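For reference, the structure discussed in these notes is given below.
Just so we're clear, the structure is a prediction, and the values are computed from it rather than from any experiment.
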Number of protein chains: 2
Amino acid sequence: MTARIEPIKKSRLSEHVGNILLQMIKDKVYIPGDQLPSERELAEQFQVSRASIREALKIMEKTGYLESRVGVGGGTFVREITLDTIIDPFAEFLESEDNMVMEMLDFRLIIETEFARIAAVQRTTDDLNAISASLDLMQLDIAAGGIGLVGDNGFHEAVARATHNNVFEKMLLMSKSLLNKTRETTLRLKNQPKSSLADHRAIYQAIKEGDGDKAASLMHQHICKARENARISLRKAAALSEGKQLENS
Amino acid sequence: MTARIEPIKKSRLSEHVGNILLQMIKDKVYIPGDQLPSERELAEQFQVSRASIREALKIMEKTGYLESRVGVGGGTFVREITLDTIIDPFAEFLESEDNMVMEMLDFRLIIETEFARIAAVQRTTDDLNAISASLDLMQLDIAAGGIGLVGDNGFHEAVARATHNNVFEKMLLMSKSLLNKTRETTLRLKNQPKSSLADHRAIYQAIKEGDGDKAASLMHQHICKARENARISLRKAAALSEGKQLENS
DNA sequence: GTACTTTCAAAGGTTCTACCTTTTAAAGGT
DNA sequence: ACCTTTAAAAGGTAGAACCTTTGAAAGTAC
């Protein structure tokens, strides 16, 4: 009989440590808010070097399970896992996609249309007030010569919130932050804020009346406009950069 | 004049290193398959200790950007990043979020309905073939006594792909893996795979005919069924665990 | 007694150095 | 020609020392 080959546990120490800690968190040995032992203590308990502990902790920190603070009262703390924990890296991943901006706008077209429809049914009085507040905010900013961007964003967020579905809200926030990171802000500068505000008001009315189809249809048109503006701006930008290249050659 | 307070660069060294490396990968300085300099070289180049380098590398490894092998010919290599790398670590956790599963299903209901509509317009012959292939796959599996899960998933992915919008596809994959990893698989066990396959066939026909409204409507019904099944299963599970608790008290 | 200042200690962050383990290719022996 | 040994490269681990941050306690001035 040839020597049995052990499956070996060639895994790295830090991984092992990480897995154990993760399991402890899953088993509620440590719950969100709890403080873990200090790195030095952990090193002693696990009988490994502090470096291994640190590597495990660092990974878990980056992954969102832990949080560490220095100084007195500092230490390593267990964090609440939320959808954001996953959405953030996902967003980064999407950022590398080529046509991301336009495709994301198409995505928004889909989801926001339906959000409006659902919001019209699910909205509470508080939701209506929140939406209404965003309208006022936008109007004030426009009156002051601004473009009402904050109110604009606030409107779309308030509508998403009115669906009372966390996933919906998070998805909207993700797509928004992705677009903001690129250049949506600048793309929107040339829009007619007043026209946009008028759209918002109409959508608000439909939601208030509980008319889902109408709200959806209006939101659809509204986003379509924004998308077309973006498309034009992107074309301009593309043409411009192409012109520059020709200039250079 | 009181001393100007510098904004300070309080970020951790390892983070800084990680960001630079990440940027280099994003800028294609290093592309998948490339080997990074050894830890010792990196430490020298960045003028930081090897430990800091290692922490950065470890994080990037866990995040899926890098891979390291020991021994001669070993080293740190750039990896192709995939969605799974991002989502896997969290799937288990989000499952425990109470409303997440149902909310995510609502999300799928929205996006897949529209995906079907768009796919009906944008699909190429290749797309049709891909969708058709998933139908065959599912049928074969069912005939063999399986539940056709692979073909089922393949169908929805193929439809998303037929929209020719990367963001759409990625969104579907994300929501799918978040659900799949938990208990969607078990939830489906009691369904009628045949009924599901029939739905798929009808949707396929609509897409083939280029009838967006019909495709959307059929997909909507299809996902609604799945959602209802999930709702029932979740209720059962909840009742069961409640029963257990009562038993214990 | 109150309020400001100093000091101290805990905890994470960084560095250094030494050594271990894995792995492959080249050198060398049979 | 084939097998064995060995050397070197690269990541993995260990442990000690030192830095930085930060809040609280001790001390001091008013």
What's the CD1-P distance between A:Ile53 and D:dG15, to the nearest Å?
12 Å
In plain terms, say whether A:Asp127 and A:Arg161 are close enough for a salt bridge, that is, a side-chain N and a carboxylate O under 4.0 Å apart.
no
May I ask you to say what B:Arg69 touches in the nucleic acid, namely base, sugar-phosphate or nothing, with a heavy-atom cut-off under 4.0 Å?
sugar-phosphate
Can a donor-acceptor pair be found between the side chains of A:Asn129 and A:Ser132 at a distance below 3.5 Å?
no
The residue, A:Gly71 or A:Ser52, whose nearest nucleotide of DNA chain D is more 5′ is A:Ser52
Atom pair distance, as rounded to whole Å: CG in B:Leu42 and P in C:dT15:
14 Å
Please tell me which of the listed nucleotides, C:dG13, D:dG12, C:dT14, lies nearest to the side chain of B:Ser68?
D:dG12
Could you tell me if A:Thr163 and A:Gln122 have a donor-acceptor pair between their side chains, going purely by distance under 3.5 Å?
no
Under a 3.5 Å distance rule, please check whether A:Thr63 uses its side chain to pair with a backbone N or O of A:Ile59 as donor and acceptor.
yes
Roughly how many Å is it from NZ in A:Lys58 to C1' in C:dG12, rounded to a whole number?
9 Å
Which value, rounded to the nearest 0.5 Å, describes the distance between B:Leu21 atom CG and B:Ile53 atom CD1?
7.0 Å
Can you check whether A:Ser49 has a side-chain N or O nearer than 4.0 Å to OP1 or OP2 of D:dT13?
no
Whole Å only: how far is the CG atom of A:Leu36 from the P atom of C:dA11?
12 Å
Given C:dA11, is OP1 or OP2 found less than 4.0 Å from the side-chain N or O atoms of A:Arg40?
no
Please report, rounded to the nearest Å, how far the P atom of D:dA10 is from the CZ atom of B:Arg54.
14 Å
Closest to the side chain of A:Ser38, out of C:dG12, C:dT22, D:dT13, is C:dG12
Euclidean distance, atom CD of residue B:Gln47 to atom P of C:dT14 [Å, nearest integer]
15 Å
Round to a whole Å and report the spacing from CD of B:Glu39 to C1' of C:dC16.
15 Å
Rounded to whole Å, please give me the gap between CD in A:Glu55 and P in D:dG12.
8 Å
Closest approach to the side chain of A:Val72, judged atom by atom: which nucleotide of C:dT15, D:dT22, D:dA14 is it?
D:dT22
Hey, does the side chain of B:Thr76 come within less than 4.0 Å of D:dG11's phosphate (OP1/OP2), counting only N and O?
yes
